[in-house]
Student: 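Input: one structure, supplied below.
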Amino acid sequence: MAFELPALPYARDALAPHISSNTLDFHYGKHHQAYVTNLNKLLDGSPLAKKSLEDVILESAKDSSKAGVFNNAAQVWNHTFYWNSMKPGGGGAPKGDIADKIKADFGSTEKFVEEFKNAGATQFGSGWAWLVLDKGKLAVTKTPNADLPMAHGQTALLTMDVWEHAYYLDFQNRRPDYIATFLDKLVNWDFASKNLKAAH
Ligand code: MN3
C-alpha cells in the first residue's frame, strides 16, 4: 500500500496570523505532498514499500545508495511531526511533567528557550531544530536537510522546520522572528508531553 499524506491536525488557516493559510497551502499542500509522491515513486516495486515509514527511514539511513528514499521518507515523517508540534493557541511556558523535566535537564525554561532558538538560528541552510530525549535526558539538537533524531538513536519530542519554505511567505528572511513566534504562539507542549510519556 502506498504512503499517504496524513491530514493536518487543524484547518489551514488555524495558525494565522502567525503562519498563514498561504504558507500551509504551499508547505503542506505542495511540499509535504511532493515528499509523499516522490517516496511512492522511488519505492514502486521495492520490498521497502510494504514496510512502515519508520522502517523505511531506518533501513535507508544505513545505505548510501538509498539517499533519495531516505530524504523523502524522512521529510514525510518530519513534516507530520512538525504539524503536530504546533497548535492554534499554543506557545508559552511548558506545563506538567515536561516542564519539570526541562527544568531538571536544562537548569531552567529560559535556558531551554535560549538553546532552542540558537539551534534554529545557527542551522546553516535547510534543516530542523529538535527537542529530543537522548539516553533518558532532554537535549536540543539541530539536523541538516532531512536528517532526524531516530537515525541517531534519539527520540524526538518536538520539532521546528527551519527550511526557508517554512517561513519565507510570512517572515521573509527574518528566521529569528519565526523562531520566536513558534515558541511564543504555536508550540504544542501537549504533544511534547505525550511523546515524553510514550518514551518512558
Ligand atoms: Mn518543510
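As a basis for the values below, the full set of heavy atoms in this structure was taken, side chains included, without hydrogen atoms, waters or symmetry mates. We count ligands from 1, going down the list as the structure has it; atoms in each ligand are counted the same way.
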Student: What's within reach of the Mn ion (ligand 1), meaning protein N/O/S atoms under 2.8 Å?
Tutor: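 Near the Mn ion (ligand 1), the protein supplies H27 NE2, H79 NE2, D161 OD2, H165 NE2.
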Student: Answer yes or no: is there a donor N or O on one side and an acceptor on the other, between the side chain of W83 and the main chain of H79, under 3.5 Å?
Tutor: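 Indeed, once roles are kept as given, a pair shorter than 3.5 Å links the two residues.
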Student: Going by the salt bridge (Lys or Arg N to Asp or Glu O under 4.0 Å) test, which pairs reach into residues 25-40, not counting sequence neighbours?
Tutor: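 Pairs touching residues 25-40 that pass the test: R12-D25.
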Student: Would you call the rings of W130 and F81 parallel, tilted or perpendicular, where under 30° means parallel and over 60° means perpendicular?
Tutor: tilted
Student: Tell me which donor-acceptor pairs under 3.5 Å the side chains of residues 88-104 have, and how far apart each pair is, sequence neighbours excluded?
Tutor:
unit_1	atom_1	unit_2	atom_2	d
K101	NZ	D105	OD2	2.8
K101	NZ	G136	O	2.8

Student: In terms of the angle between their ring planes, are H32 and Y28 parallel, tilted or perpendicular, with boundaries placed at 30° and 60°?
Tutor: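 Rings of H32 and Y28: perpendicular, over 60°.
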Student: Tell me, please, which residues at least two apart from E59 pass salt bridge (Lys or Arg N to Asp or Glu O under 4.0 Å).
Tutor: K51
